[in-house]
Amino acid sequence: MTETTTGQALYDTAARLFPICRSITGDGVRQSLAVLREVAPIEAVEIPSGAPILDWTAPKEWNIRDAWIKNAAGERVVDFRANNLHILQYSTPVRATLPLAELKKHIFTIPAEPDLIPYRTSYYSERWGFCMAQRALDALPDGDYEVCVDSTLADGALTYGELVLPGEIEDEILISAHICHPSLANDNCAGLSVAAHLAAALAQEKRRHTFRFLFAPGTVGAIAWLAQNEARAHRIKHGLVVSGVGDAGAPTYKRTRRGDAPVDRAMAHVLSLAGPNARVIDFSPYGYDERQYNSPGFLLDVGLFQRSEFGQFREYHTSADNLDFIAPEHMADSFAALRAGIDILERNRTMLNLQPKGEPQLGRRGLYAAIGGDKDSYSKNMAMLWTLNLSDGKHTLLDIATRAKLPFATIADIAAVLEKAELLRETA
Ligand code: ZN
């Protein structure tokens, strides 16, 4: 695979998404899809509010233009336009003046992290509220405050983005990222960017599988897609939820419910070569939309790729998850890991050694010469010997790569060379 996507390009897309106030519905989702469409031709799908989606209902659409709290002097002491985390997501409209003690009933802080603004939502009970730093709240003098939430909560649509890249076979690989958080860089913008750039890269290549990319609001978006595609969802044979892929934490892969699916083995192999801190963790029915895809009525083999583990880092769901918390090199590393995992799903196969009695004479066939002088020639020689030795029709190329502790791509490339030299053939 050629590699042209840079960490800076991945970061720049995330940075463009960052200021947009996304929620589970509304214009922020549409604006975000417009940004992503500059990377890959993602289509927007709109599900009308009130439509039944599995056991759920498509929610009302929420849009917000402005929100603030003003002091007696008319100064904005909390300003949505300065940071969109200040609004409780799905706040109903309000215009009122009330004393500080009453106002506090509508304010969310993190007392243990007094300088951070929390991210809070109230999708399913109608109310209004603000989020702010505890220290800023403590600094407010008693008195009356004017509040304004200029929002609408009305029938509209739930929007998600979808892109299909047809392959040679109908079996699909799903890449899914959530598109419902406001200004949170790692827990939203990074995953959206990496997924869109993966789509752009794969669009340029010959594909065996059909690839489906979803950019859907968390939970209801995945449920809406499953409801719309119930009859065809079984075509998804492998999948990855991509989330939290921009921070400095080591890569972490969360297995599918099945636990030993091809995508689990592919990502375990990639992470086995990704440094001492890379981790593979077990499935649990909490986290991102892998919960929906792995529900018992669908049982799609979809794992989760992330860096720092969901919910386990200080910056999670706070104003500290900003553009300083993610970096181009971490995004590039995540992108490369996902590409390597996808490459395994695309190219893994089982070969048979056609000269299994003793080692075949490689020099006579020009096979040492074919790789001589290559700076990786030692590992390529080892890859050739391992591939010949284990190609007994029982071991896949991934099995061989895992046993040899060599990158899958090295084994798969060597297998292609040996196949051309008529030393290997693919088993049926
Ligand atoms: Zn989140």
Side-chain angles (χ1 to χ4, degrees), residues 13-15 17-26 28-29 32-33 36 56 59 62 64 83-91 108-110 112-113 116-124 129 131 158-161 175-196 214-225 240-249 251-254 281 283-294 302-326 330-331 334:
T13 300
L17 293 167
F18 184 74
I20 300 170
C21 186
R22 281 165 294 275
S23 186
I24 55 171
T25 62
V29 177
S32 301
L33 290 174
L36 294 170
W56 297 55
W62 183 69
I64 182 158
N83 190 326
N84 60 35
L85 295 179
H86 278 309
I87 193 71
L88 174 73
Q89 289 238 325
Y90 262 65
S91 279
F108 300 85
T109 65
I110 314 171
E113 292 283 3
L116 302 185
I117 306 165
Y119 158 61
R120 294 280 186 275
T121 66
S122 183
Y123 303 137
Y124 303 108
C131 304
L158 178 157
T159 308
Y160 64 79
I175 305 293
S176 176
H178 64 291
I179 187 165
C180 51
H181 292 25
S183 292
L184 295 172
N186 196 41
D187 185 5
N188 215 175
C189 304
L192 293 171
S193 170
V194 166
L214 283 183
F215 301 84
T219 308
V220 281
I223 284 172
W225 186 87
L240 287 159
V241 169
V242 176
S243 176
V245 290
D247 68 279
T252 304
Y253 173 72
K254 177 182 157 183
I281 58 176
F283 177 79
S284 73
Y286 193 58
Y288 294 100
D289 285 327
E290 68 278 7
R291 297 152 65 171
Q292 312 309 332
Y293 304 127
N294 284 273
V302 178
L304 164 64
F305 181 78
Q306 59 192 341
R307 299 187 74 84
S308 291
E309 199 179 330
F310 165 85
Q312 302 294 309
F313 50 96
R314 169 182 170 264
E315 295 81 359
Y316 179 75
H317 281 188
T318 75
S319 51
D321 182 358
N322 56 38
L323 289 172
D324 295 329
F325 184 56
I326 64 172
H330 308 315
M331 296 184 73
S334 297

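Counting starts at 1 for both ligands and their atoms, following the listed order.
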### Message
For T252 and R307, which I'm curious about, is there any donor-acceptor pair between the side chains at under 3.5 Å?
### Response
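Looking only at side-chain atoms, R307 and T252 do not form any donor-acceptor pair under 3.5 Å.
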
### Message
Looking only at side-chain N and O atoms, does D289 offer a donor or acceptor that is under 3.5 Å from a partner on S176?
### Response
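Not at all, the side chains of S176 and D289 share no donor-acceptor pair under 3.5 Å.
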
### Query
Is the distance between the ring centroids of Y90 and Y123 less than 6.0 Å?
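Yes - the distance between ring centres of Y90 and Y123 falls below the 6.0 Å cut-off.
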
### Query
How are the rings of Y316 and F310 set relative to one another: parallel (under 30°), tilted (30 to 60°) or perpendicular (over 60°)?
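Answer is perpendicular, since the angle exceeds 60°.
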
### Task
To 10°, measure the NE2(H181)-the Zn ion (ligand 1)-NE2(H317) angle for me.
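Roughly 110°, rounded to 10°.
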
### Contact flag H178/the Zn ion (ligand 1), N/O/S atoms, threshold under 2.8 Å
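Not a single backbone or side-chain N, O or S atom of H178 is under 2.8 Å from the Zn ion (ligand 1).
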
#### Entry: D187: its N/O/S atom lying closest to the Zn ion (ligand 1) (atom name)
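Of all N, O or S atoms in D187, the Zn ion (ligand 1) lies closest to OD2.
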
